[in-house]
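Notes follow once the structure below has been shown.
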Number of protein chains: 2
Amino acid sequence: MSADHVFAALASPARRELLRLLLEEGGQPAGRLAERFDMSRPSVSEHLKVLRDAGLVAETRKGRERLYRLEPAPLMEIRDWLGPYERFWREKLAALSTLLDEMEDDDDGSR
Amino acid sequence: MSADHVFAALASPARRELLRLLLEEGGQPAGRLAERFDMSRPSVSEHLKVLRDAGLVAETRKGRERLYRLEPAPLMEIRDWLGPYERFWREKLAALSTLLDEMEDDDDGSR
DNA sequence: TTGTCATGTAGGAAAAATCCTACATATAGT
DNA sequence: ACTATATGTAGGATTTTTCCTACATGACAA
């Protein structure tokens with residue numbers, strides 16, 4: 001739930017790759033996900049645990065498999081966190097644009 | 001420049017707090033930023049280095065001070081990274097909304 | 001029931017992050 | 001030149017993360 005765990009979970013390239021696979025290919029059993037990594041299966045399982053604790057994936061037991069699926073809600077917290085920075089970014093762009101316009105007004109072709 | 005460094009930089013609460021201070025209060029010298037933390041000044045300095053390496057802050061030497069300012073461009077990379085997940089999220093919401101509508105249509109008041 | 005398959009967990013080694021104190025550097029003021 | 005101030009860097013202790021192999025669990029299949 002806490003954004004701390006979400007940011008921490010996203011810090012690992014392996015975990016972001018897991019999210020990408022679940023996004024692009026849909027829910028999959030843990031083993032099939034692990035096959036795609038140059039890493040032992042238990043290690044991938046631990047990464048899945050971190051993602052689970054952050055609320056970024058959920059599992060459904062299906063026989064002896066466990067299907068993992070993407071749970072995007074916590075990512076929307078990240079998006080909200082970004083909001084104020086994006087406003088700041090836009091103001092910067094707007095200021096730059098204004099500056100460029102003024103330079104163009106001044107540009108009478110002289111030198 | 002790589003998104004890896006940006007995600008890693010954001011993983012620390014102390015570094016996110018630094019970004020927040022720079023956003024809400026504008027550029028400040030390193031020492032003034034450090035005062036706000038329950039942590040030694042050199043440690044804050046190291047956090048600033050991580051943010052600098054990720055391109056999230058920039059410094060301007062002003063006499064013997066170093067003014068740090070927010071550099072939001074890398075955060076826009078993060079926003080772009082979130083894009084596909086946000087689409088996925090919206091589709092989920094839309095599906096839920098449709099489902100609720102159908103349930104309402106079925107709801108003839110019986111039972 | 002016995003064996004097999006999919007998966008998680010324990011325990012530990014190695015690497016990385018975090019935080020500290022001491023020191024180095026560079027600028028400003030006297 | 002000397003001192004004070006603002007800051008970064010070195011070196012090291014401690015904690016956390018990451019990854020491994022070995023083992024535990026729980027469901028299916030013969």
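In the text below, chain A, chain B and the rest are named by the order of the sequence lines, each starting its count at 1.
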All N/O pairs under 3.5 Å across the protein-nucleotides 8-14 of chain C interface:
| unit_1 | atom_1 | unit_2 | atom_2 | d |
| --- | --- | --- | --- | --- |
| C/dG8 | OP1 | A/Tyr68 | OH | 2.4 |
| C/dG8 | OP2 | A/Ser45 | OG | 3.0 |
| C/dG8 | N7 | A/Arg41 | NH1 | 3.3 |
| C/dG8 | O6 | A/Arg41 | NH2 | 3.1 |

Rounded to the Å, how far apart are [X] [atom1] and [N] [atom2]?
| X | N | atom1 | atom2 | value |
| --- | --- | --- | --- | --- |
| B/Glu17 | C/dT18 | CD | P | 16 Å |
| A/Arg64 | D/dA27 | CZ | P | 11 Å |
| A/Met39 | D/dT17 | CE | P | 16 Å |
| A/Asp53 | D/dT17 | CG | P | 12 Å |
| A/Arg15 | D/dT18 | CZ | C1' | 9 Å |
| A/Gln28 | C/dT7 | CD | P | 11 Å |
| B/His47 | C/dA17 | NE2 | C1' | 9 Å |
| A/Lys62 | D/dC28 | NZ | C1' | 14 Å |

Notebook entry, point to check: Taking the side chain as C-beta and beyond, is there a heavy-atom pair between A/Ile78 and B/Leu10 under 4.5 Å?
Noted result: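 The answer is no; the side chains never approach within 4.5 Å.
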Margin query: For the NZ atom of A/Lys92 and the CD atom of B/Glu71, what is their distance to the nearest 0.5 Å?
Written below: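 Here the rounded value is 4.0 Å.
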Check: With nearest nucleotides of DNA chain D determined for B/Gly31 and A/Asp38 from heavy-atom distances, which residue corresponds to the more 5′ nucleotide?
Finding: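 Looking at the nearest nucleotide for each, B/Gly31 comes out on the 5' side.
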Next item on the list: Go through the side-chain N and O atoms of B/Arg66 and B/Thr60 and say whether any donor and acceptor fall under 3.5 Å apart.
Entry: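 Side chains of B/Arg66 and B/Thr60: no pair found under 3.5 Å.
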Check: Would B/Arg41 and B/Glu46 count as a salt bridge (Lys or Arg N to Asp or Glu O under 4.0 Å) if you check the C-alpha gap in whole Å, the side-chain angles of each, and the deciding distance to 0.1 Å?
Finding: CA-CA 9 Å; B/Arg41 186 198 51 75; B/Glu46 279 171 13; over 6 Å; no
Check: Among all residues two or more places apart in sequence or in another chain, which pass the ring pair (Phe, Tyr, Trp, His ring centres under 6.0 Å) test with A/Tyr68?
Finding: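 Partners of A/Tyr68 by the ring pair (Phe, Tyr, Trp, His ring centres under 6.0 Å) criterion come out as none, since no residue qualifies.
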Margin query: If the condition is ring pair (Phe, Tyr, Trp, His ring centres under 6.0 Å), which residues does B/Trp89 pass it with, not counting sequence neighbours?
Written below: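 If we apply the ring pair (Phe, Tyr, Trp, His ring centres under 6.0 Å) test to B/Trp89, skipping adjacent residues, there are no hits.
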Checklist line | Phosphate OP1/OP2 of D/dT18 contacted by A/Ser43 side-chain N/O (<4.0 Å) | finding: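 Answer is no, no contact under 4.0 Å.
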